[in-house]
4 protein chains.
Amino acid sequence: MVSQAEVKLWAEVHEQKGFSLQNMKQRLKRLSIETPSWGYGDAGTRFKVFKQKGVPRDPFEKLEDAAQVHRVTGVCSKVAIHIPWDKVANYTELKTHAQGLGLEIGAVNPNLFQEEEYALGSLCNSNLEVRQRAVAHVLECVDIMGQVDSKVLSLWLADGTNYPGQDSFRRRKRYLEEALSEIYPHLPVNARLLIEYKGFEPAFYHTDLADWGMAYNHAVKLGAQAQVLVDLGHHPLGTNVAYIVASLLDEGKLGGFHFNNRKYADDDLMVGSIDPYELFLIANELVEGENDESTAACARNVSYMIDQSHNIERKIPAMIRSVMTIQTAFAKALLVPQAALRKVQEAGDVIGAELLMKEAFETDVRPFLALIREEMGLEPDPLKAYLNGPYPNTIAQRGTHGQGW
Amino acid sequence: MVSQAEVKLWAEVHEQKGFSLQNMKQRLKRLSIETPSWGYGDAGTRFKVFKQKGVPRDPFEKLEDAAQVHRVTGVCSKVAIHIPWDKVANYTELKTHAQGLGLEIGAVNPNLFQEEEYALGSLCNSNLEVRQRAVAHVLECVDIMGQVDSKVLSLWLADGTNYPGQDSFRRRKRYLEEALSEIYPHLPVNARLLIEYKGFEPAFYHTDLADWGMAYNHAVKLGAQAQVLVDLGHHPLGTNVAYIVASLLDEGKLGGFHFNNRKYADDDLMVGSIDPYELFLIANELVEGENDESTAACARNVSYMIDQSHNIERKIPAMIRSVMTIQTAFAKALLVPQAALRKVQEAGDVIGAELLMKEAFETDVRPFLALIREEMGLEPDPLKAYLNGPYPNTIAQRGTHGQGW
Amino acid sequence: MVSQAEVKLWAEVHEQKGFSLQNMKQRLKRLSIETPSWGYGDAGTRFKVFKQKGVPRDPFEKLEDAAQVHRVTGVCSKVAIHIPWDKVANYTELKTHAQGLGLEIGAVNPNLFQEEEYALGSLCNSNLEVRQRAVAHVLECVDIMGQVDSKVLSLWLADGTNYPGQDSFRRRKRYLEEALSEIYPHLPVNARLLIEYKGFEPAFYHTDLADWGMAYNHAVKLGAQAQVLVDLGHHPLGTNVAYIVASLLDEGKLGGFHFNNRKYADDDLMVGSIDPYELFLIANELVEGENDESTAACARNVSYMIDQSHNIERKIPAMIRSVMTIQTAFAKALLVPQAALRKVQEAGDVIGAELLMKEAFETDVRPFLALIREEMGLEPDPLKAYLNGPYPNTIAQRGTHGQGW
Amino acid sequence: MVSQAEVKLWAEVHEQKGFSLQNMKQRLKRLSIETPSWGYGDAGTRFKVFKQKGVPRDPFEKLEDAAQVHRVTGVCSKVAIHIPWDKVANYTELKTHAQGLGLEIGAVNPNLFQEEEYALGSLCNSNLEVRQRAVAHVLECVDIMGQVDSKVLSLWLADGTNYPGQDSFRRRKRYLEEALSEIYPHLPVNARLLIEYKGFEPAFYHTDLADWGMAYNHAVKLGAQAQVLVDLGHHPLGTNVAYIVASLLDEGKLGGFHFNNRKYADDDLMVGSIDPYELFLIANELVEGENDESTAACARNVSYMIDQSHNIERKIPAMIRSVMTIQTAFAKALLVPQAALRKVQEAGDVIGAELLMKEAFETDVRPFLALIREEMGLEPDPLKAYLNGPYPNTIAQRGTHGQGW
């Protein structure tokens, strides 16, 4: 636990270094992080979904769990939903339930991979009827957006092939273009379509939206309401994700994130659990983008969403940890001295530049985050606040009847 | 379809080149390929298991499907089983059913990843009771080996951790050593324990048997009855699998294969569907190993097993295709002129050596395989033989009630 | 050596299967493959450049070696040059020398990575003077294009950073955009700017043109004369290159290839030496693209260039082998039955589709290529034709004074 | 710059948490880090070696630069040498020069990759004479070890092939075994042979010592004086290096490290510049290994060596930064509460375990390191101490005549 003396000294030292704690606090307090309803349910690998006690049995209970994360972090009022996993008879009721918990519905995620018809694809299926059905499902989600006041349609497409020759790359590309341009005009005013990409899985030869370039290309063709969603686990090993983030930002096409971490493939581990420095470097691009006039509008509108698969860990604590880790990364990114950095960059001082990044990263920001939380009326340690509360026991009585995906 | 003229010319040309067609035929006729019972069931990814019509509903029906593969290929009399997926009340009955179909039971595979207790590991679990339970399950499988006359215990361990710090690497390593040395003495005489390794999945931070070096180290400590099993999809991208195969062979520790193919991770696609040249190069090591006195005993005893996950393709045809592809690779490997190759190698003729490999690979061996099949009393094209037969229709009536894994 | 009987039977069998040998021959005869001048020089790794005997000592001798490759293959009349490696006092003289050898100059490649000033970048350097110098060098190359009648400016940019923070991603992106738009208007009429991309090396944190999406984005902004160049070794492992090729083709932005092969990184090995099936699948996209009205214009204009680093192998033979391998891949791609393939694709017959691809690939096309070469007045085996000729001995007298890069 | 108040508070807080600062200080003060002579010379990629001003012109000047690193860090008295890069007429003179600078010679590294004869391999070359020459060179290095009082022979083998078929895997494996067993008996008493492995580069198809399993296997066969050297950049992406470290430690076969960092391949960047968390996790294994009786002897004898390629950064500062980063990682590893960690591990508390690791990692250890340095009579910030001293200017007069590798 961070002591008052540590908090005080931290503030002194950093004010002396010329940082505006006021600005940093403001920025961190409005760093809204959306959690996904499915992150509260049971999840697993193809080998096994381990059932945990206390997992929510329906969308309403998922919102209740999400409300716990918001209660202790203060920045997680938004919850993404997934249709049909969160299908309910009455979406107004779902919205009202959310509001009663101090929450709002965030992104709406269509599911285009779990119907038997989608075995060979959905929007890219060579069968016209399947494509139409898939488009209809997405439009159903657009309709739900209206009912729950969502401003984000978050599209992940599992479509692809498993074998060379299985289908025509270019024909599928055109089917996708067709489907997207059918969907796009239906978006509510001010709403955005976020197009996600992924290198592989569940398709193992090619994936129709395989990389940022493909998602970007579609988004550009569609128009200003279409942007790209970056899931941190969806790149080949040996990809500089921070640079992709910067590139999309520079084009005004960075729409949102699915935060998580991985060591190998799309492992969907807790944020920053494997490579916290990469997370910091990504946060640095976002902070820098917010401070640059030419990218500020885009940067400030980016949706920060968590997308994890809690195979063996307790779901609510895992979510809280990830929120804390994102805050840690951003707090450190706010400590990168942009002007000084630019100076060493322009002087070609490689060692000096690397050092400035590391000095920000090495800084322990826990005292500062404790201070911010205190100002927000929160406990300084959200995880302890949750674990010491009654909720973990309360939900145990749900038994092991949780909804999985 | 290959014509008689093609077959005749092929034989002429290759006899003229000095190949002993007789030896090659013999070798290919005794190239026994074991298929896995679970390869006939429904399979999928964490996102979805698509249900197919006609999938076997129990272990007996799986054997019936396997018998079809043997019927058209003539080399697939062995079927691996997986406990408890293939758990039956009476294993003698299972064995008799197999024999009635012209089959025999091959490897017995324990399942150490689907009990709720195994969420944090089985043989490496920090909980003693779980480890004991896991050992007991393996010993149950050893017992089944006796009942079904199996000579191979095939051990794949899903154990690992998802997060840094989750458990102690070295403590787990010792638990595993302990468990294996408890199991090993129970092996039937002449039976082998094949230890499989895998880089990741379902564990996403570390896997207790992560690479060939770890499996090999355990096998060496255990003794002569323990060997290593190479699954072609279980290596990091950027691994020379053929060299690992050669190394294990040279140490007398290559025990068996799980043949399949992948482009990304453990994709479990049909054999040779992504990289047929790599398969040929692996076959080349085996052929060469059989011809070298110092490795022949080990090489000739290697178990050739298929392990695939047929997510979207028809299962029996997929298995037949893979058998054909393995035969193709070995037929081509038999065409590598070993003596000539050694000569250019020792002359440092890089281009010449590469060319000899490619000339063998470029050779179309379909006429030769057709000839061999004819001599074996089979149709020249096993896939067509299966598809044109009544079986595909017959099994349709099973409906979509198949056993999955 | 392929016999007449084999050639005859091959033709009969494939005519019977309905292939138009006439069309296939035509296509293969006009499959022009450009070789790079630097491929004839000494090359190596950072650890060592091994010097070979007989390596050309100047650009004129490189052309003479290239002429040998053309002499035996009949399809390699174009030679790419690299400035300043091929800097000469008088480019008209170089062009005349080429013409006298039956050659023409292909792409002109600027060198933006070997001046001391480029240590931290060229077109993306934070120093304005360095950027201007780099632009000036590219414009010098544009000027040379005019002198040697080249229609392709081939731009590979080694620019990048080695450390997080070393420079600003977005500022560099804008410098690049600026530089390219300064260069673009100077392109000769009908000439193209091909923009190459590469994931890493020599930069090890980020590369300014890191992937196809970035190259494509720049090309789109520049206009119709700018296209993307795909070097087969410039992708992260776990990338479906054939799909990138198809995507670029579909957008009319596929400009050219640097053919080579790799197992790990940018290994620059001989074409198809590691993964010949991938090469075939790429060829298949090109063949299909040529047959589709909407992409034919782009597909037919693609520049096929070899880019290899012959570290340990004889350079001229290596080049001949690669040309043969590209021809092999295209010949096989021409055997993919497009109409039948589409039918099984639309029927969702995964196994059937995979089979059609493999049947084309398994076909031994050496008899057909021998036939074509005979019709072109060439020896059936270009490598033997070269090795048995006097040239290998002739050049030995050059000693080990070769130009390297 | 760290303030006295920060140092004081840090000590208070961590004493209160129960850490023995005394023990931690002792451990960190004796954390000896060996720097490589070649790290002070010019280095680069295959594309370019950029020449820097002030680079040492001979082995003696390299030692002088190394002495600067030792002067400001206090822990870098050992310097590895590389033969023939550091070949001198009189090794006693070299040793004396080192001693005069407060240094000693560390590992001796043979060079088996830069003679023309080694184009196709050294110890694994199919030519007996080349193998003998290579063995003789290694024995020459053993002899030098005696002259310079080195206790470590550090063997990196670049041997491998670039193409399938180029040479026989198993024959080469046996040549290597033969060569090593010829060399091993010549090792001085108490000296160790450290066998390094590497996945690829400069060989691009297979490398004879490709992974830890191969190096380990050779080391086991040789005997107790042979151990494995882990270079952090020599693994395929998607490898858990910390687990390999733990495994080798557990077998008593971990001999040493080549510290550096990479994002893609063997990038040889500054330590911890890309993934500081991985470095911390590796340090954690070493700290834990030292505290465990069964591994302590091995762990305490591990050689910590830096091996970097300073392509664009100033060499001495880069070395100092890396030393600081290693100290940072170890200081944090010493803050992992081993007993508490074991408790949560055995309780299966995944979140709790991950948290304990991260809490240690998030701790800012700069105050503690400043304290330690003060006690050692050093400046608190070694990099500033170096940069503000006269040495950078002094060496500028060497000009750009530096020795490269």
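Just so we're clear, the structure is a prediction, and the values are computed from it rather than from any experiment. We name chains A, B, ... by the order of the sequence lines, and we start the count at 1 in each one.
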Structural part of [X] lying under 4.5 Å from a heavy atom of chain B:
X        : answer
A:Asn111 : neither
A:Leu237 : neither
A:His310 : neither
A:Pro164 : side chain
A:Ile274 : side chain

For this session: For a salt bridge (Lys or Arg N to Asp or Glu O under 4.0 Å) with A:Arg46, tell me which candidate from B:Asp266, B:Asp42, B:Asp267 qualifies.
Result: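 Testing each of B:Asp266, B:Asp42, B:Asp267 against A:Arg46, the sole residue satisfying salt bridge (Lys or Arg N to Asp or Glu O under 4.0 Å) is B:Asp266.
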Separation between CG (B:Asn162) and CG (A:Asn261), nearest 0.5 Å, reads 12.0 Å
_Distance (rounded to the nearest 0.5 Å) between A:Tyr118 OH and B:Phe47 CZ_ =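 The OH atom of A:Tyr118 sits 16.0 Å away from the CZ atom of B:Phe47.
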**Prompt:** Has the side chain of A:Glu116 got a donor or acceptor atom that lies under 3.5 Å from a matching backbone atom of B:Phe50?
**Reply:** no
Is a side-chain donor or acceptor of A:Tyr264 paired with a backbone partner of B:Ala203 at a separation under 3.5 angstrom?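 Flag not set: sc A:Tyr264 to bb B:Ala203 has no pair under 3.5 Å.
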Best-contacting candidate, B:Arg262, B:Glu313, B:Glu201, against chain A by heavy atom pairs under 4.5 angstrom: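 Sorted descending by pairs with chain A, the first entry is B:Glu201.
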Side-chain heavy-atom pair B:Phe204, A:Thr45 within 4.5 angstrom cut-off:
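Yes. Closest side-chain heavy atoms under 4.5 Å.
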Residue from A:Ile312, A:Val49, A:Leu269 scoring the most non-hydrogen pairs under 4.5 Å with chain B is A:Leu269
ask   = Going by an N to O cut-off under 4.0 Å, is there a salt bridge joining A:Lys48 and B:Glu115?
value = no
Okay, B:Tyr163 and chain A: the region with an atom under 4.5 Å from a heavy atom over there is side chain
